[in-house]
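What follows is a short report on a single structure.
These values consider heavy atoms only, across backbone and side chains, with no hydrogens, waters or symmetry-generated copies. Proteins get letters first, then strands, A, B, ... in listed order; numbering begins at 1 in each.
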Amino acid sequence: MFERLRGTRDFLPNEMAARKKVFSSIKKTIEEFGFFETDTPAIELFELYSIKSGEEIIEELYAFEDKGGRMISLRPELTPSVVRVLVSRAKELSFPAKWYSIPRLWRYERPQSGRLREFYQLNIDIFGSEDPRADIEVISCAIKLLCDLGFDESDIEVRISDRRMLQEFLLNLGIENYFDVLKIIDKREKISEKDFNEMLIGINLNNDQIKEIEIFLNSKGNFLSSIDALSKSYKGEGVSRIIESLKKIAQDLNDRGYENFVTFDPSIVRGLDYYTGMVFEVHDRKREFRALFGGGRYDNLAELFGGEHIPAVGFGMGDAVLELMMRRKNIWPEEKVQIDIFIATIGNVEREVTKALTSLRGSGFKVDFDIMNRNLSNQIKFADKLGANYLLIIGERDLKEGNVTLRELKSGSETKISYNKFISSPSSHLTKVL
RNA sequence: GCCGGGGUGGGGUAGCAUGGUUAUCCUAUGGGACUGUGGAUCCCAUGACUCGGGUUCAAAUCUCGGCUCCGGCCCCA
C-alpha cells in the first residue's frame, strides 16, 4: 500500500464534482470581464525563480536536476511563467492582454491551515496598461467572482494600499532603507506594538519617524475618505499623483457598488519584492484564515526578465483558503455524481442492451448498465447509488411482447413501453436533468 | 528547519488513566434470501490497533524514534 504524499489531496468523484462547480463559476465570472484562459508548463528552469528571489528559494521549491544536467523546478507560482511568455512573444501579442489561468502549483513547505504542498491558484493579470482602470478591473473582478460564489460584504474585506505612496511617505521622513521598513510593517499585525517599535528602532529610526509611521498606518478606513484625508495632509508632487490614481480607483469601485468591500490599509505591503504600485489583499472579516487573495501592480518584471517595459497588474487566489471560507459559510457545494439512466437486465438481453446504449448515448444521455451480473434487486440498488434519474429494465419475458419498463427513480412511477419505440426516440420519453 | 496536539477496518468510533480471553458499535463494501420490481428488511462475509525499537511473562494501552495528520513559528510567491 502506498500513501499520499504530505500536503497533497485526492479528489473522489463527488469531491471532484464540487470543485468543478466552484471552478466553473469562477471561470464564468472572469470571462464576463473579458479575460482569456492560458496555461504554461508545470516545469520551468530553476533560474526563472531564482532570478528575483535568489538561490535560497530552492529550499521552498520542488527542484531537481534533469538528465541533461539542467536545474528544473515545478512551478511554485504562475507569474514568472506568464511573464516569460509575454516577453518572448511580445511582438505578436496585442495589448492590453487580459489573461487568466488556474494552474496547479507546488511548494515545498510545511502544510498548515489553508496551505498545502500541491494546490490550485487562480491567477488573473492585465498586461500592457498603466491606467488605473486596469487596477479597477482586476479588483472588481476579484470581488465579483467572490459574490458570484455566494460571499457578500459581511464576509470579506479588500484591503488596498500603494507601495509608491509608502515609499514617498518614508522618503519625506528622510528614511532611506525602504525595504527594511516594509518587512517590519508587513509583520505588524502579528506582533505587539512594543515589538513593532523596537524593530523600527533596530533599523535606526528615531521616535519622531516612528510616530509618523504609526499615524500613517492608522489612516486605514473607508477607501475613498481615507484617500481624501491623505490628500489634505500629504502634499508634494510625487504623492499627489499617486493619490490621484488611488482616488480614481476608489471612486470607480464605489460606482460599481463595492464601497463596503474595500478598505484603504497602508499596512498591506505584500511580501513579494516585485510589486511596484497598488497592492491588495482579500481577507475574511473575522481574520480566521490567511489571506484569500494577494495581488497588485508589478510594472518592472518584464524588464527584469530581459524584455521591454510591460506594465502589469494582477492577483493570485489559492483554492485551499477559498474552500475553508466557503465551508465555513456553508456555500461549498455538496455535489453528487449523477447519470441520466441506468439499464438493468434480466436474462440474456445483451444485444438489446447494446442497441439501447447506442441510441441513448447518441442522444446525449449519460448512460450506464450492469456489468456485474447482479440480480435485479441489487442492480436497482446500484442504480440508486449512481444517482440515476431513470431505470430502464430490459427483461427476457417482457421483451417477448416487445416491451421494456421505464421507471423514474425519484418518484417511483413506472411505465411499460415498446422497446422499439423507446430506442428510436429516447428523448421523447426522458427528461435530461444534467 | 523549529514548537504543540493527534493517528484503532474504506469512513466514523469504544477500549488506553489502572498492560491480561476471540478488540466495541455504526456505516461502507461484497454475497445471499425475498423465485422479474424488496431503492426496504433479514442473514452471511471482508476488513483495523501508523511503522520500528525498548520495558514486561504479557503492549492498542507504558517508553523512545520515524512517518503522517491538525494547529502554530519561519516563510508566504
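For Arg70(A), the salt bridge (Lys or Arg N to Asp or Glu O under 4.0 Å) partners two or more places apart in sequence, or in a different chain, are Asp66(A). For Asp265(A), the side chain to side chain donor-acceptor pair (under 3.5 Å) partners at least two apart in sequence or on another chain are Arg159(A), Lys220(A), Ser267(A). Remark: Ser140(A) pairs with Phe33(A), Ile136(A), Leu253(A), Arg256(A), Tyr258(A) by the side chain to side chain contact (heavy atoms under 4.5 Å, CB included) rule, at least two apart or across chains. Residues satisfying the salt bridge (Lys or Arg N to Asp or Glu O under 4.0 Å) test with Lys27(A), not counting sequence neighbours, are Glu37(A). In this structure Asp152(A) satisfies the salt bridge (Lys or Arg N to Asp or Glu O under 4.0 Å) test together with Lys329(A), sequence neighbours excluded. Contacts of Glu335(A) classified as salt bridge (Lys or Arg N to Asp or Glu O under 4.0 Å), with partners at least two apart in sequence or in another chain: Lys21(A).
Aromatic ring centres of Phe342(A) and Phe369(A): separated by at least 6.0 Å.
The heavy-atom pair separating Pro76(A) from Arg107(A) by the smallest distance is O-NE, 2.7 Å.
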Show every donor-acceptor pair shorter than 3.5 Å between a side-chain atom in residues 307-321 of chain A and any protein atom, with sequence neighbours excluded, or say none if there are none.
{"unit_1": "Glu308(A)", "atom_1": "OE2", "unit_2": "Lys91(A)", "atom_2": "NZ", "d": "3.4"}
{"unit_1": "His309(A)", "atom_1": "ND1", "unit_2": "Glu303(A)", "atom_2": "OE1", "d": "2.7"}
{"unit_1": "His309(A)", "atom_1": "NE2", "unit_2": "Glu130(A)", "atom_2": "OE2", "d": "3.3"}
{"unit_1": "Asp319(A)", "atom_1": "OD1", "unit_2": "Arg9(A)", "atom_2": "NH2", "d": "3.4"}
{"unit_1": "Asp319(A)", "atom_1": "OD1", "unit_2": "Tyr120(A)", "atom_2": "N", "d": "2.9"}
{"unit_1": "Asp319(A)", "atom_1": "OD2", "unit_2": "Arg9(A)", "atom_2": "NH1", "d": "3.1"}
{"unit_1": "Asp319(A)", "atom_1": "OD2", "unit_2": "Arg9(A)", "atom_2": "NH2", "d": "2.9"}
{"unit_1": "Asp319(A)", "atom_1": "OD2", "unit_2": "Arg19(A)", "atom_2": "NH2", "d": "2.4"}

Hey, can you pull the donor-acceptor pairs under 3.5 Å for the side chains in residues 346-358 of chain A, sequence neighbours left out?
{"unit_1": "Thr354(A)", "atom_1": "OG1", "unit_2": "Glu350(A)", "atom_2": "O", "d": "3.0"}
{"unit_1": "Thr358(A)", "atom_1": "OG1", "unit_2": "Thr354(A)", "atom_2": "O", "d": "2.8"}

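Near RNA chain B, meaning a heavy atom under 4.0 Å from it, residues 98-115 of chain A has Arg107(A), Glu109(A), Arg110(A), Gln112(A), Ser113(A), Arg115(A) in order of number. A heavy atom closer than 4.0 Å to some atom of RNA chain B occurs in Ile393(A), Gly395(A), Glu396(A), Arg397(A), Asp398(A), these being the qualifying members of residues 393-401 of chain A. Proximity of residues 310-326 of chain A to RNA chain B (heavy atom under 4.0 angstrom from any strand atom) is not detected for any residue.
For rU61(B), there is no paired base (Watson-Crick or G-U wobble, both distances below 3.5 Å).
A salt bridge does not link Arg133(A) to Asp252(A): none of the charged side-chain nitrogens sits closer than 4.0 Å to a carboxylate oxygen.
The C1' atoms of rC69(B) and rA58(B) are separated by 31 Å, rounded to the nearest whole Å.
The nucleotide whose nearest atom lies closest to any side-chain atom of Thr405(A) is, among rU37(B), rA77(B), rG31(B), rU37(B).
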Go along nucleotides 40-50 of chain B 5' to 3' and tag each nucleotide: B for a protein heavy atom under 4.0 Å from its base, S when only backbone or sugar atoms are that close, - otherwise.
S----------
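No more than 12 heavy atoms of other residues, nucleotides or ligands lie within 6.0 Å of CG in Asn373(A), so this atom counts as exposed by the packing criterion.
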